[in-house]
Amino acid sequence: MTRIFRLALAVLGLLACAAQAQSKFPGVGRPATPAEIAAWDIDVRPDFKGLPPGSGSVAKGQEVWEAKCASCHGTFGESNEVFQPIVGGTTAEDIRTGRVKSLATGGEARTTLMKLSTISTLWDYVNRAMPWNAPKSLTTEEVYAVVAYILNLGDIVPGDFVLSDRNIADVQKRLPNRNGTSRRHGLWDVKGQPDVKNVACMSNCATDVKMASALPEYARDSHGDLTVQQRRIGAAAAPPAPQSPQLALAQGKTCTACHGIDKRALGPAFHEVAAKYRGQAGIEARLVEKVKQGGSGSWGAVPMPPQDVSDAEARSLVQWILAGSP
Amino acid sequence: MSKTELPGRIRKAPEGFLDPAQIAKVQSGRRDFLRNAFLAAGAVAAGTAAAQPPKAAGFQGESEILDLPEHSKGLGQPVAARGYGAPSQFESNLQRRESPGLTRVSAASVSFTPLQGLFGIITPNGLHFERHHQGWWDVDPSRHRLMVMGLVKQPKVYTMDDLMRLPSVSRMHFIECGANTGMEWGNVAVPTVQYTHGMLSCCEYTGVPLAALLDDCGFDRAAARYVLAEGADGSGMTRTISIDRVLDDVLVAWAMNGEMLRPENGYPLRLVAPGLQGVSWVKWLRRVEVGDQPWGTKDETLHYVDLMPDGVARQYSSIQECKSVITSPSGGQTLLDKGFHNVTGLAWSGRGRIKRVDVSFDGGRNWRTARLEKPDEPKCLRRFNIGWVWDGGPAILQSRAIDDTGYVQPKINQLRAVRGSRSIYHNNAIQSWKVAEGGEVSNVQAY
């Protein structure tokens with residue numbers, strides 16, 4: 001609770017009356033009760049305003065992690081399945097300097113711990129949003145504990161550590177990227193200074209036009225059949241397609257973003273699927289399940305995400321695919 | 001009429017569908033070829049495919065004119081056959097789509113607006129781009145509440161009924177995700193304008209200025225420097241907004257384009273933060289806290305920060321700088337005819353109004369100023385058009401917008417010189433579309 005807020009509480013009735021009386025909009029809205037504010041005011045700032053008192057150990061955090069987090073983020077926070085890895089890429093030297101070196105030199109891989117500059121951010125986010133499919137279900141102790149565990153996976157705190165509201169400021173001083181951010185730029189203030197200055201040259205501009213990059217051949221089909229992503233008029237005067245209802249369904253459900261009828265995209269071409277499983281017993285039921293649950297392994301390591309289709313839709317689509325997508 | 005006098009047609013299909021030989025056939029007058037191509041794709045309704053190309057000997061006229069269609073000879077459908085209207089069945093190609101491989105799970109993902117097929121500046125509500133971090137919900141408006149608290153004299157709770165009693169305003173603004181065009185910092189990565197620029201939409205929003213609510217709660221004008229906006233969804237999306245922005249033009253809105261917000265866009269209440277990146281436009285808005293320090297939330301510490309070449313991340317980089325893109329002709333389309341084409345696109349700036357848009361057809365050597373359509377609103381899309389006679393040769397099309405601060409949209413190499421290529425966010429570079437000799441339009445980077 002803020003100091004201001006406690007003050008407000010003490011004279012709640014009085015102020016409420018005053019506010020109502022002064023309001024330009026009498027009768028609109030009502031005072032928030034202390035219990036309501038406490039229920040929703042869960043944010044934790046970098047100066048730890050809003051952090052509830054409490055503590056949690058690395059050991060307890062490991063239990064929480066393995067029960068509630070590892071399925072998505074991997075046992076060591078290393079998984080790339082549902083999101084970028086949480087742990088990895090930081091060194092003892094980074095902890096000393098407060099700047100993660102590989103952010104300057106490294107490639108694409110950037111883990112949470114590499115980027116994290118304020119420990120409050122991790123606490124607040126896990127508390128408000130994780131586990132992803134059951135947000136706001138952790139107790140305060142569980143949040144402290146699982147945050148401690150993540151820090152331990154990154155060698156920022158030892159295995160016997162107990163993170164608490166009393167020592168969290170010390171942990172902040174060990175965050176590998178604590179000195180890694182800046183607010184010196186012109187993109188906060190609407191009147192801020194842009195950092196790139198182009199000039200509006202109109203003719204014979206001194207450009208020796210250089211073609212620096214084009215879409216590589218292999219990526220041409222990465223976004224599925226582009227013909228069905230454009231309006232049909234304004235060009236070829238062909239009447240539009242009264243297409244098969246299953247094709248329309250496959251487009252509506254964006255299956256075609258990853259599958260061409262006869263072209264491989266992120267997933268196999270539907271014709272390939274039909275050819276591979278022709279005549280196999282029980283294949284329809286297996287594929288219906290696969291479409292609903294997602295998964296990988298039949299065509300490679302790239303997984304198909306679970307598809308948002310009803311049983312009936314999945315069955316209709318799979319029957320159509322197995323029939324050669326007529 | 002000779003062929004070159006016909007208005008230029010753009011075939012809205014990728015090269016992969018017609019090979020160069022086929023395109024040549026079409027261009028040499030074999031228009032029936034296209035019909036056959038669509039026939040092959042199961043595209044032609046029986047009975048309508050037999051039209052002769054106008055040039056054929058003995059041409060009497062088109063079947064479309066000579067043989068009256070059903071809709072001229074029968075009774076159409078009654079009123080209210082569809083209580084909530086829907087687009088024509090012939091428009092089903094224009095859909096929001098995900099970019100395969102961009103994200104790993106579709107409840108923390110993005111779908112892109114098909115800019116290639118839209119007109120004017122308003123995005124139809126069903127085609128507004130989506131970005132969710134923890135899935136979307138259809139929230140019961142009678143149970144939704146907005147709480148305003150923090151550095152205020154009187155923390156208050158408002159129902160939707162309360163908010164909709166207040167003096168409302170309606171304003172047109174663009175919303176652009178900070179990561180729009182983010183896939184292209186390094187190289188060309190995606191084929192069409194839907195994927196390069198489709199995290200962009202524009203609506204007329206109706207709501208109440210957030211400043212009016214802060215006033216209603218008696219906020220501490222001396223101490224207040226920031227506002228935290230928080231969503232009611234699982235992610236509890238939280239974003240720090242500067243009090244200057246709030247007192248200027250930030251709205252708490254319930255309507256877009258004349259109807260209530262769509263669930264995917266935060267029904268029944270969202271923040272409208274003109275000029276700021278889309279993530280700040282918190283959906284399912286449940287709480288606004290007035291404070292004196294920024295909050296450093298997950299999406300302003302780990303993401304939506306600009307990674308600079310020296311490894312430092314710029315935090316709180318919210319403004320969407322001046323930018324433009326040609327939406328047609330654009331990647332994935334093919335110019336079928338030489339001759340006149342209308343080149344059209346969109347321009348916008350998070351700092352104010354669009355003053356001018358120039359278009360180049362030779363990769364940036366020479367420029368001509370395009371025609372700007374009305375309206376001229378701040379922090380709103382502006383449609384531009386310019387005529388072009390294509391001589392059938394290769395060309396590189398670019399557009400360059402200038403806003404009312406005098407800022408000129410930069411080239412990608414200028415941006416990279418300062419920010420490197422790993423930032424992900426705030427890529428407002430000039431877009432180049434290459435027109436190949438055959439008419440195929442594709443995404444390239446040229447400067």
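Here is the naming used below: chain letters follow the sequence lines, and residue numbers restart at 1 for every chain.
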Interchain contact, P216(A) with chain B, by part (heavy-atom threshold 4.5 Å) = side chain
Can you tell me if H223(A) and T192(B) form a side-chain donor-acceptor pair at under 3.5 Å?
-> no
Would you call R110(A) and R422(B) a side-chain contact if the rule is heavy atoms closer than 4.5 Å?
-> yes
Quick one: which of P294(B), C217(B), S442(B), C322(B) has the most heavy-atom pairs under 4.5 Å with chain A, could you say?
-> P294(B)
Pair count under 4.5 Å, heavy atoms only, with chain B: among V100(A), D124(A), D47(A), highest is D47(A)
Quick one: closest heavy-atom pair of G234(B) and P135(A), and the distance?
-> O-CB, 3.4 Å
Under 3.5 Å: donor-acceptor pair, side chain of R286(B), backbone of W40(A) = yes
Which atoms of M147(B) come close to chain A, meaning under 4.5 Å heavy atom to heavy atom: side chain ones, backbone ones, both, or neither?
-> both
Work out which heavy atom in R97(B) is nearest to a heavy atom in Q229(A); give both atom names and the distance.
-> NE-CG, 3.3 Å
Below 4.5 Å from any heavy atom of chain A, which atoms of L276(B) appear? Answer side chain, backbone, both or neither.
-> neither
Locate the shortest heavy-atom distance separating G101(B) from L266(A); write the atom from each residue and the value.
-> N-CD2, 4.0 Å
Is it true that a side-chain atom of R184(A) and a backbone atom of R314(B) form a donor plus acceptor pair closer than 3.5 Å?
-> no
Parallel, tilted or perpendicular: ring planes of H303(B) versus F83(A), cut at 30 and 60 degrees | perpendicular
Residue part contacting chain B, namely of V302(A), when any heavy atom lies under 4.5 Å | neither
Minimum-distance pair of heavy atoms, taken over all atoms of A257(A) and P100(B) | O-CG, 3.2 Å
Quick one: are D195(A) and R419(B) in side-chain contact, heavy atoms under 4.5 Å?
-> yes
How many angstroms lie between atom OG1 of T181(A) and atom CG of D306(B), to the nearest 0.5 angstrom?
-> 12.0 Å
When every non-hydrogen atom of Y158(B) is compared with those of G29(A), the smallest separation belongs to CD2-CA, 3.8 Å
Distance, nearest 0.5 Å, that separates NE2 of H185(A) from OG of S318(B) = 7.5 Å
Side-chain donor or acceptor of S317(B) paired with backbone N/O of L187(A) under 3.5 Å = no
Rounded to the nearest 0.5 Å, what's the gap from CG on D310(B) to OG1 on T105(A)? Could you check?
-> 11.5 Å
Using modelled atom types only, decide if a donor and an acceptor are shared between the side chain of R245(B) and the backbone of W188(A) within a distance under 3.5 Å.
-> no
Passes side-chain hydrogen bond (donor to acceptor under 3.5 Å, both in side chains), Q409(B) versus N198(A)? Steps please.
-> CA-CA 7 Å; Q409(B) 183 184 2; N198(A) 193 7; over 6 Å; no
State the CD-CD distance between Q230(A) and Q116(B), to the nearest 0.5 angstrom.
-> 4.5 Å
In Å and rounded to the nearest 0.5 Å, what is the CG to CG distance from L302(B) to L122(A)?
-> 8.0 Å
Within-4.5 Å side-chain heavy-atom neighbours: L166(B) and F25(A) = yes
Audit row: K191(A), R351(B), side chain to side chain contact (heavy atoms under 4.5 Å, CB included) steps and yes/no | CA-CA 7 Å; K191(A) 299 208 175 71; R351(B) 296 200 202 266; over 6 Å; no
Examine whether an atom of V418(B) lies under 4.5 Å from a heavy atom of chain A, and if so say whether it belongs to the side chain, the backbone or both; otherwise answer neither.
-> side chain
Between OG of S213(A) and CD1 of I412(B), what distance do you get to the nearest 0.5 Å?
-> 9.5 Å
So, does K210(A) use its side chain to make a donor-acceptor pair with the main chain of A446(B) at under 3.5 Å?
-> no
Region of A108(B) in contact with chain A, defined by heavy-atom distances below 4.5 Å | both
Considering only heavy atoms from C-beta outward, does the side chain of R30(A) approach that of D162(B) to under 4.5 Å?
-> no
Y407(B) side chain to Q193(A) side chain, donor-acceptor N/O pair below 3.5 angstrom = no
CD/Q293(B): more than 12 non-hydrogen atoms of other groups inside 6.0 Å | yes
Check whether the side chains of Q95(B) and Q251(A) place a donor and an acceptor atom closer than 3.5 Å, and report yes or no.
-> no
Checking heavy atoms, do the side chain of S111(B), its backbone, both or neither come under 4.5 Å from chain A?
-> neither
Indicate yes or no: at least one non-hydrogen side-chain atom of E230(B) is less than 4.5 angstrom from one of R128(A).
-> yes
Smallest separation among heavy atoms of V196(A) and P410(B), with atom names = CG1-CB, 3.5 Å
Taking the side chain as every heavy atom from C-beta outward, state whether E321(B) and P194(A) have any atom pair closer than 4.5 Å.
-> yes
Taking C-beta and beyond as the side chain, do D43(A) and E289(B) meet within less than 4.5 Å on heavy atoms?
-> yes
R365(B) versus N204(A): any side-chain heavy-atom pair under 4.5 Å?
-> no
